[in-house]
Amino acid sequence: MSILDSLNESQKKAVIHTDGPLLILAGAGSGKTRVITHRIARLIGDGVVPPTGIFAVTFTNKATEEMKNRIVRLIGPQGSSVFIKTFHAASVYILRRYGEAIGIPSSFSIYDTSDQASLIKEILLQMRLDPKKIRPESIASKISEVKDRAELIDGADPTLLLQKNFSYDFHEIYEEYHRRLAANNALDFNDLLIKTVHLLRSGTGALERLQRQWTYFMIDEYQDTNYAQYLIAKHLASAGKNICVVGDDDQSIYSWRGADIRNILNFEKDYPGAAVVTLDTNYRSTRPILDAASSVIRNNVNRKAKEIRSHKGDGERVVWCRANNEYGEAEFVVNTIISLKHREGLSGRDFAVFYRTNAQSRVFEDRLRKENIPYRVVGGMKFYERKEIKDLLAYLKFIANPLDQVSMLRIINTPARGVGRVALERIRETARGAGVSEWTAISEGLIGGKIPRGIAEFRDIILKCRDSARGMPETRLSDFVEQVIEESRYVKSLEEEESVEARSRIENIGEFVNSVYDYQQANPDATLDGFLQDISLYTTEENPEDDPDSRGNQVTLMTVHNAKGLEFPVVFLTGMEEDIFPHKLSSDTEEGIEEERRLCYVGITRAMERIYITCAELRRTFNEIYHKEPSRFIFEIPGSLIEATEYISAGYQSAQPRRGFFEKKVYNESHFDVEPDDSIDDDNTPEASNQTEGPGESKFRVRDSVLHPKYGVGRILSIEGSGDNLKITILFGRSSKTFLEKYTPLEKA
DNA sequence: CTCACGCTCTTTTTT
DNA sequence: AGAGCGTGAG
């Protein structure tokens, strides 16, 4: 059986196991995804179950994509009929089919965090509370926190679950929030899971039908499931008990989102007779990387003790660098990338820069841009969160779901059509008076007196579009979307702005239309409801604007959370300072610190060949400069595994004398072999920062892009010598060449 | 009603 | 330092 050939003994055991519950404890880099995909392939290949009988959930869209691809690669096109989704997407699938039974129409809207916030803001205003004093976002997160709790899902009163020392009536807001969600025919992220649990428990026959559909269940990242997810899996698998869960308690990093590590720790109790397979051979990282990671995670008290074996063996030591400030940190990282590209022939895709918080990405982006190195930022401001995309989606959502008031309020005056505060108040009044929805007041023309023309305009746009939406599978989704853009005059009004910003918004809308085409391609009989619900969960998805052709050259930037499940030859774990990593807000409790430590463990174990751990001595936050201490986690790595260095850049300097960290171990020679002079020593003093190159004999400077008549565009790595002997070394692609300047006609590129 | 300026708050992590 | 929001003038 060829499918088993490439597996080790424990991997084989996990793949072959067929009936009954199975727990796979999969250490970092132990071939977890490989086991899951091979297991699925085996079940299908041996005719145990048809592809459509398998239900697999992962945690992110990215992981879902990856798993789909790998299964299709293993068993061909039939692999695409395996049901593989995130928990949230699976819930949407289930609710769309059977939700009517518990009063959820299939046209429900999904409210993301910002929709939630605007709804709560409305409520606060109605309750005469000041949204400036009480942040809607923080209420939203409190509500979400409550809804993650097991007690609530099992029927407890929400108010009892929160210490209620609030200046406001949390219970009242909570109730009103849910009344409004129901009135708007909308569900938030928590609801998707909770309502699915209710549906499965409802005795309406949905569970039985789903159990006829799926008989084998696979749950990835089980250590990060919350109670609702745990229940969904449990109910679905309750008939045949063919449930296989995979996880690693050391990589649980989502407790703040309600993930309960006990789900994995108690699996054997939950499912008596469960088989357990431990995967403890790491195929990803070199031994020093693994040793460093183990010596950090070992400090957690609350964990299953375990050791991971390195399959790969020796490699480079961990490089630790404390830069003078965040600019120095970024320079160090980017110079190291340039150097390794040159020295080892690596390309951009081999590098990843991790940070604890999204806000840290900027300095790295600036530096990379300065050096003309292509990069992509995963996460952060996502495509679907941009204003213009949210506006357009609000049109689509409101057309699909006339009860969705949050969307209506967003677009009624976007683009501006003269419907302001006063007009809105009138609409509200009328609606309240007549006891109808605001939209009904508008569409039925109930508003008396002179009404702003904009209101009628808005009504006509919506009615017209709703009309063509009805002809949907025949009217193509993409045509419909273009019609909405046309009717709403959204792009037209941006064009009139004639600003750079407006131009880029228009481009984004163009990208959105492209993505609609792609969606249509993949789903020939796409409906509006289905499209919207799928897209609402597409948050981690890469920005469609990323040029797929240049992907191979791009350095990846992301938070450590986003890095879970990925691997890179070279990893930079940055901002390793107290109060950042571990984060200040997690540092009060031992559990908080342990979770940060697991996060750190996740970060280190992403690296295959090399890891650089960096921090800054000074860092500017909120326009204020703070002195930073290195993260406690770095002290947990034995010095013998570390090669320490320093990096000093121009920009602001420490006012105090530098306090040597790892003083005795600081190696002064740099590990850059591409002209270290240029990158380090030159910038050593502020005066050097204007870059008038030493003797100033060349009209070029290091790092300039230049055009060579024969080799094309390259970058200057170094300039040395003087007079007739002035030599310039230029990097073209992966190789560099040295020229005597006086014989080489170079131009600035 | 719209635009411009100035004030405030920001930074955990994400489905 | 920057974005987003609210206030006040046109």
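Because the structure is a prediction, the values reported are computed rather than measured. To find a chain, count down the sequence lines: A is the first, B the second, and so on, and within it residues start at 1.
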Which of these nucleotides, B:dT12, B:dT10, B:dT15, is closest to any side-chain atom of A:Thr357? B:dT12
Phosphate contact (B:dT14 OP1 or OP2) by A:Thr559 side-chain N/O below 4.0 Å: yes
Establish, with yes or no, whether the OP1 or OP2 oxygen of B:dC1 is under 4.0 angstrom from a side-chain nitrogen or oxygen of A:Asn413. no
OP1, OP2 of C:dG6 versus side-chain N and O of A:Lys121: anything below 4.0 Å? yes
Side chain of A:Phe189 only, please: which of B:dT12, B:dT15, B:dT13 is the nearest? B:dT15
Counting only heavy atoms and a strict 4.0 angstrom limit, can you tell me which residues of residues 591-603 of chain A come near DNA chain B? none
Winner on side-chain proximity to A:His583, out of B:dT15, B:dT12, B:dT14, is B:dT12
Select base, sugar-phosphate, or nothing to describe what A:Phe59 touches, counting heavy atoms under 4.0 Å on all strands. sugar-phosphate
What's A:Ala416 touching, base or sugar-phosphate or nothing? Going by heavy atoms closer than 4.0 Å. sugar-phosphate
Once you apply a heavy-atom cut-off of 4.0 Å, does A:Arg362 come out as touching a base, just sugar-phosphate, or nothing? sugar-phosphate
Where the side chain of A:Val422 is concerned, which of B:dC1, B:dT14, B:dT10 is the nearest nucleotide? B:dC1
I need the NZ-P distance between A:Lys628 and B:dT11, as an integer number of Å. 16 Å
Side chain of A:Asn358 only, heavy atoms from C-beta on: which candidate in B:dT11, B:dT2, B:dT14 is closest? B:dT14
Residue-phosphate contact under 4.0 Å: A:His88 side-chain N/O, B:dT15 OP1/OP2: no
